[in-house]
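This report refers to the structure that appears directly beneath it.
So you know, we letter chains A, B, ... as the sequences are listed, proteins then strands, and number each from 1.
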Protein chains: 2
Amino acid sequence: MPADLAAAPLYREVKAALVASLAAGEWPAGEALPSEAKLAERFRVSIGTLRKAVDELVAERVLVRQQGRGTFVATHGPKRLLFHFFHVVRADGEKELPEPALVAFDRGRAEPHEAGRLAIAPGDRVFRIRNVLKLAGEPVVLDTIVLPQALFPDLTEKIFRDRDETIYGLYQTRYGINVVRAVERLTARLADRGTAKALGVAVGAPLLRIDRTALTYHDRPVELRTSLVNTAGHEYLADLGKGA
Amino acid sequence: MPADLAAAPLYREVKAALVASLAAGEWPAGEALPSEAKLAERFRVSIGTLRKAVDELVAERVLVRQQGRGTFVATHGPKRLLFHFFHVVRADGEKELPEPALVAFDRGRAEPHEAGRLAIAPGDRVFRIRNVLKLAGEPVVLDTIVLPQALFPDLTEKIFRDRDETIYGLYQTRYGINVVRAVERLTARLADRGTAKALGVAVGAPLLRIDRTALTYHDRPVELRTSLVNTAGHEYLADLGKGA
DNA sequence: AAGTGGTCTAGACCACCAT
DNA sequence: TGGTGGTCTAGACCACTTA
């Protein structure tokens with residue numbers, strides 16, 4: 001009997017099954033998965049094969065292993081934010097946790113270009129949230145977040161403002177939406193009046209613009225974010241070739 | 001007998017030994033390494049352990065495996081350039097190979113800030129090379145490359161201009177210098193007169209500035225490159241969370 | 001057909017954590 | 001002490017390339 005033409009290796013099937021369970025919320029954020037021995041039994045594979053599947057999810061930072069304790073769904077704490085989702089650092093290279101201040105929280109409709117990137121229909125309801133991020137007390141980044149209301153049904157300004165965790169942490173713990181990846185597109189722009197005022201720069205000053213699409217399992221988009229960064233004293237740090 | 005406090009796993013030692021051999025040029029660019037069975041024998045480890053070491057080097061794109069053929073030192077061809085070291089894409093997302101045009105080739109001395117990043121002494125001899133990169137026939141990027149002369153002893157304008165491969169390919173094949181990683185720092189700047197002319201934009205137009213340090217084995221810096229990008233029709237694409 | 005990397009398994013032992 | 005992940009090994013078999 002000929003082999004399947006596009007037969008995926010067993011460990012990929014196991015990985016896909018794990019991702020399906022994760023996407024279904026079988027193991028909530030921070031929860032321990034069953035032990036590797038039990039998972040291997042459940043999928044009827046050897047422990048080596050199971051480990052290879054988990055290895056890949058650990059490399060993608062979806063899962064976290066802790067020797068002696070178990071394997072966990074990675075949580076969105078300050079460390080993960082700083083190391084993997086916030087690349088603006090001081091010009092001297094020092095990393096610093098941004099301090100967000102809510103500027104506006106509105107409801108609206110998705111523009112066509114937003115709808116395309118969010119995989120929703122133009123005109124669908126969205127939240128528009130605006131934040132100023134301070135670094136060392138100085139406003140450096142102006143963020144505009146666009147969220148499909150369908151994914152965050154009961155979100156309110158109060159909930160957003162009173163969260164005691166990171167923004168992606170809120171998505172994860174309250175809405176079961178786990179951001180696992182993001183794609184960023186960077187361009188240079190000139191500051192308009194509103195932005196100049198918010199960031200304390202001159203109109204026409206050069207700004208770094210970051211257009212981010214945040215994705216959950218299966219590369220489903222869940223958030224759009226535009227960041228305007230004053231790079232007078234900060235820069236965007238990218239590391240190529242480590243596995244990116 | 002107590003275990004070593006900071007004992008590295010065997011496969012890490014094997015990996016370090018492989019990197020040492022690579023850095024020493026034991027297997028030149030594009031050459032096949034000995035088979036996994038032979039390498040396992042050489043390091044006196046099981047094939048599984050040897051494979052784990054090679055796995056990591058493959059993930060870092062230092063080595064390339066080809067089933068049925070062997071394991072090779074990764075070469076710097078157009079594909080590797082496009083996928084891992086050149087992140088400027090058209091605004092519609094299409095990737096395109098840049099076409100470089102040499103603008104200037106000079107010898108000079110390292111400025112203090114350059115010396116720091118290149119791990120050489122201020123005043124050491126360097127090459128300064130300026131390129132304009134065209135995309136779809138239009139000038140989009142102005143590159144300034146700084147190279148320590150000590151690492152590229154016989155480099156001349158003619159050699160640089162007449163190469164029939166990528167720039168990193170030239171470093172690799174002619175000088176045995178294999179760029180395996182790069183760190184990029186991005187900021188927004190306004191175009192000065194010279195840059196505006198080279199890129200065909202107005203003085204004061206916003207440009208994306210990329211400061212890259214290219215590294216070889218053991219994170220030794222080998223090249224500094226400053227790119228000024230006209231992001232009117234292009235953008236810098238970064239993928240977070242895939243392993244970056 | 002011979003040689004290479006790719007997958008899968010089974011089991012032993014170690015290091016770490018909770019109790 | 002028992003359970004967890006981490007390492008290392010040995011071997012079988014498969015898929016692919018080259019000649």
Side chains of His76(A) and Arg80(A): do they bring a donor and an acceptor to under 3.5 Å?
yes
Hey, are Asn178(B) and Thr216(B) close enough side-chain-wise for a donor-acceptor pair under 3.5 Å?
no
Whole-Å distance between dT7(C) C1' and Lys15(A) NZ?
16 Å
Apply salt bridge (charged side-chain N to carboxylate O under 4.0 Å, His left out) to Arg185(A) and list each qualifying residue two or more places apart in sequence or on a separate chain.
Glu235(B)
Modelled atom types, side-chain donor and acceptor of Ser227(A) and Asp143(A), under 3.5 Å
yes
Rounded to the Å, how far apart are Leu63(B) CG and dG5(C) P?
11 Å
Proximal nucleotide (of dT9(C), dC17(C), dT7(D)) relative to the Arg51(A) side chain:
dT7(D)
So which nucleotide from dC8(C), dC8(D), dC17(C) ends up closest to the side chain of Pro9(A)?
dC8(C)
I need the CD-P distance between Glu36(B) and dG5(C), as an integer number of Å.
4 Å
To the side chain of Val45(B), which of dT9(D), dT7(C), dG6(D) is closest?
dT9(D)
With a 6.0 Å cut-off on ring centres, are Phe85(B) and Tyr168(B) close enough?
yes
Let me know the distance between CD of Gln67(A) and P of dG6(D), rounded to the nearest Å.
6 Å
Among dG5(D), dG5(C), dC8(C), which is the nearest nucleotide to the side chain of Thr49(A)?
dC8(C)
Between C1' of dT7(C) and CG of Asp55(A), the distance in whole Å:
14 Å
Tell me: CG of Leu10(B) to P of dC8(D), nearest whole Å?
4 Å
Toward the 5' end of DNA chain C, which comes first, Arg44(A) or Thr71(B), by nearest nucleotide?
Thr71(B)
Considering only side-chain heavy atoms of Ser35(B), which listed nucleotide, dG5(D), dT9(C), dT4(C), is closest?
dT4(C)
Rounded distance in Å - CD1 (Ile47(B)) to C1' (dA12(D)):
12 Å
So, does Arg69(A) get its side chain near the phosphate of dG5(D), meaning an N or O under 4.0 Å from OP1 or OP2?
no
Rounded to whole angstroms, how far apart are NZ on Lys52(A) and C1' on dT7(C)?
7 Å
Nearest-neighbour nucleotide for the Lys38(B) side chain, dG6(D), dG5(C), dT4(C) considered
dT4(C)
Between dT4(C), dG5(D), dT7(D), which nucleotide gets closest to the side-chain atoms of Tyr11(B)?
dT7(D)
